[in-house]
Amino acid sequence: MAVARRAVAAALLLVAVLCGGASIRRSEAIGVNWGTQLSHPLPASTVVRLLHDNGFDKVKLFDAEEAILDALKGSGIQVMVGIPNDMLADLAAGGKAAEDWVAKNVSGHVHDGVDIRYVAVGNEPFLQTFNGTYLNTTFPAMQNIQAALVKAGLADKVKVTVPLNADVYQSPTGKPSDGDFRADIHGLMLTIVQFLASTGAPFVANVYPFISLYSDPNFPLDYAFFQGSSAPVVDGDVTYQNTFDANHDTLVAALRRNGFGNVSVVVGEVGWPTDGDMNANLDYARRFNQGFLTHIASGNGTPLRPGPVDAYLFSLIDEDRKSIQPGNFERHWGIFNYDGTPKYALSLAGGNGTTTLRPARGVKYLDKKWCVLKPSADLADQKVGDSVSYACGLADCTALGYKTSCGGLDAKGNVSYAFNSYYQTMDQDDRACDFKGLATTTSVDPTVGTCRFIIEIDVGAAAASAARGGVAGGVASLLGALALMVMVL
């Protein structure tokens with residue numbers, strides 16, 4: 001019995017070391033945005049395991065999806081749970097709606113072991129492209145959610161904030177030290193910042209150097225990265241060598257200018273897409289993300305805010321159902337492909353970027369077959385153009401285009417890509433590879449160079465596999481077994 005007890009003690013010590021080691025590893029890690037606008041999402045438990053395997057300690061969600069929050073139980077991952085913009089009006093209208101939302105999406109999950117730290121009320125609601133739609137509802141919704149958290153006894157643990165696009169602040173001179181909040185929302189911004197200061201919540205800003213480059217063809221490319229710039233911004237005694245630092249410090253200056261220099265800043269989204277535009281590619285994405293991670297790993301911070309930078313990469317996995325209104329690149333922000341395979345080498349702890357990200361485990365795929373244009377098909381046939389339009393209207397064709405990953409395909413290759421994208425989206429249904437007799441299936445992979453013809457995930461099989469495993473479940477089972485051994489002994 002003494003030997004058995006020593007074995008149990010040793011096992012418990014091992015669990016403590018493993019959990020403690022994981023905690024130490026994650027404390028030095030970075031957060032990531034987990035979006036779910038996919039036609040074939042990985043099971044939530046598979047994604048939580050992917051987060052653990054790669055050392056992410058924080059995750060930002062855009063909605064309170066029950067399956068995801070359930071999968072995060074006992075994971076030790078800190079959570080920022082989001083409220084979509086289309087819910088703001090209801091939450092602003094009265095306290096009851098906010099209390100119901102908190103009870104359903106925060107209280108119960110916190111009590112069940114989900115480490116929710118923030119509620120993000122809306123997502124970039126003051127974007128100028130929204131034409132003021134959410135100007136009158138965002139802050140009242142924040143107030144009501146805060147009151148509901150106070151009533152639930154969670155306000156000390158869970159903070160209310162709102163992720164804002166960097167267009168809410170600006171500098172009239174281009175120098176960060178002249179930063180201030182946008183004139184048309186200046187009063188509203190001060191009201192919100194006062195709220196954040198009084199509750200101890202951070203200002204969450206989304207910073208995208210890629211968008212600066214995308215929007216301005218004359219934007220200096222090297223200024224978007226972290227290896228020094230041929231066109232730095234000189235601001236008094238400070239020289240800014242990259243867009244991120246300058247953008248971040250424009251916000252810090254805006255906070256200082258208005259008497260809120262002590263409000264903390266969290267970078268809610270930062271990243272670089274890998275496809276859908278001439279500047280969205282694997283090389284630039286790795287260069288930017290590794291440069292950013294190495295930059296913040298130094299602990300130096302930015303000129304106006306030295307010290308650690310709290311940030312969430314955007315994003316974890318590609319999303320083939322995202323709106324492409326901003327650009328075709330919107331579906332390609334992930335550091336992982338749709339199936340959880342890494343796109344490129346990346347060291348999340350900084351360094352030289354030679355570390356290989358770990359892929360998702362237990363992913364199941366559909367059969368190894370693709371849908372392509374028949375060799376005998378005539379490209380001049382009107383049905384070809386109509387079929388491509390139909391396929392790309394219901395599936396993702398954003399990898400096709402000028403200087404994209406599939407930009408080198410010939411005309412028949414473009415058609416085949418569109419057909420296969422639709423076929424895979426429709427779970428390889430035989431009827432989805434007909435296109436009025438123009439298409440046929442093949443077991444020969446049509447992938448050419450950088451243009452990958454995918455095979456979609458078998459969502460049903462992946463879910464069944466994921467249900468049999470999981471980090472939190474495995475640790476819980478081990479602890480339960482050890483506890484039972486102690487009781488028996």
Side-chain angles (χ1 to χ4, degrees), residues 37-41 214 217 273-285 317-334 337-339 341 343 364-460:
Q37 297 183 62
L38 294 89
S39 62
H40 293 66
Y214 178 76
T274 56
D275 212 345
D277 180 72
M278 63 182 293
N279 289 312
N281 56 61
L282 294 175
D283 289 340
Y284 282 1
I317 297 172
D318 280 354
E319 300 172 75
D320 66 344
R321 284 290 186 249
K322 283 197 73 178
S323 168
I324 57 173
Q325 185 175 1
N328 286 346
F329 56 83
E330 276 296 321
R331 295 178 176 175
H332 303 280
W333 288 97
N337 293 303
Y338 72 102
D339 56 355
T341 54
K343 292 184 179 180
K364 307 296 182 183
Y365 296 87
L366 298 174
D367 293 339
K368 192 176 181 180
K369 57 183 180 179
W370 298 263
C371 180
V372 296
L373 179 71
K374 286 181 177 177
S376 59
D378 181 3
L379 290 175
D381 188 337
Q382 179 64 38
K383 291 186 296 183
V384 174
D386 293 343
S387 296
V388 169
S389 296
Y390 178 80
C392 291
L394 295 172
D396 180 32
C397 296
T398 54
L400 298 173
Y402 177 65
K403 290 190 176 180
T404 59
S405 65
C406 295
L409 293 179
D410 60 15
K412 288 190 174 182
N414 285 330
V415 176
S416 291
Y417 185 93
F419 284 2
N420 185 66
S421 183
Y422 177 78
Y423 178 61
Q424 302 297 336
T425 299
M426 297 295 115
D427 295 316
Q428 296 185 354
D429 188 314
D430 288 341
R431 295 167 296 180
C433 189
D434 180 60
F435 293 104
K436 300 179 180 180
L438 295 170
T440 185
T441 58
T442 178
S443 60
V444 178
D445 187 352
T447 292
V448 179
T450 61
C451 185
R452 178 186 179 191
F453 282 62
I454 70 164
I455 294 176
E456 195 50 271
I457 295 168
D458 185 340
V459 176

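With hydrogens and angles left out, the side-chain atoms of Thr274 and Lys343 include a donor and acceptor closer than 3.5 Å.
Checked options Asp320, Asp275, Asp396; the residue passing with Arg331 is Asp396 (criterion: salt bridge (charged side-chain N to carboxylate O under 4.0 Å, His left out)).
Side-chain contact between Asp427 and Leu366: present, with at least one pair of heavy atoms (C-beta onward) separated by less than 4.5 Å. Using a 4.5 Å heavy-atom threshold, the side chains of Thr440 and Val372 count as touching. For the pair Glu319 and Leu38, the minimum side-chain heavy-atom distance is below 4.5 Å. Between Tyr422 and Leu394 there is a side-chain heavy-atom pair separated by less than 4.5 Å.
Formation of a donor-acceptor pair under 3.5 Å by the Asn281 side chain with backbone atoms of Tyr284 is found in this model. With hydrogens and angles disregarded, a donor-acceptor distance shorter than 3.5 Å links the side chain of Gln428 to the backbone of Asp367. In this structure a side-chain-to-backbone donor-acceptor pair under 3.5 Å is present from Ser416 to Leu373. Remark: side-chain polar atoms of Glu456 are not paired, donor with acceptor, to backbone N or O of Gln424 under 3.5 angstrom. A donor-acceptor pair is defined here as one N or O able to donate and one able to accept, closer than 3.5 Å; no such pair exists between the side chain of Thr341 and the backbone of Asn337. Side-chain N or O atoms of Thr447 include one that pairs as donor or acceptor with a backbone N or O of Phe453 at under 3.5 Å.
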Exercise for review: Decide yes or no on side chain to side chain contact (heavy atoms under 4.5 Å, CB included) for Asp445 and Trp370, but give the supporting numbers first.
Suggested key: CA-CA 7 Å; Asp445 187 352; Trp370 298 263; 3.5 Å; yes

Practice item. Apply side chain to side chain contact (heavy atoms under 4.5 Å, CB included) to the pair Asp277 and His332, showing each step before the final yes or no. Key: CA-CA 10 Å; Asp277 180 72; His332 303 280; over 6 Å; no

Check your understanding: Given Leu409 and Leu400, is the side chain to side chain contact (heavy atoms under 4.5 Å, CB included) satisfied, shown in steps?
Key -> CA-CA 8 Å; Leu409 293 179; Leu400 298 173; 3.9 Å; yes

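Across every non-hydrogen atom of Thr450 and Ser405, the tightest pair is OG1-O, 2.6 Å. Smallest separation of non-hydrogen atoms from Ser323 and Gln325: OG-N, 3.2 Å. What you find for Ala432 and Cys371 is that their closest heavy atoms are O-SG, 4.4 Å. Across all their heavy atoms, Tyr417 and Ala399 have their closest contact at OH-CB, 3.5 Å. Pro273 and Ala285 get closest at one heavy-atom pair: O-CB, 3.8 Å.
The existence of a salt bridge linking Lys412 and Asp410 is excluded, since no basic side-chain nitrogen approaches an acidic carboxylate oxygen closer than 4.0 Å. We find that Asp339 and Arg452 are joined by a salt bridge, their nearest charged nitrogen and carboxylate oxygen being less than 4.0 Å apart.
One finds the CD1 atom of Ile454 at 10.0 Å from the OH atom of Tyr365 (value rounded to the nearest 0.5 Å). Here the CD1 atom belonging to Ile457 is positioned 8.0 Å from the NE2 atom belonging to His40, to the nearest 0.5 angstrom.
Between Phe419 and Phe435, the ring-plane angle classifies as parallel under the 30° and 60° cut-offs.
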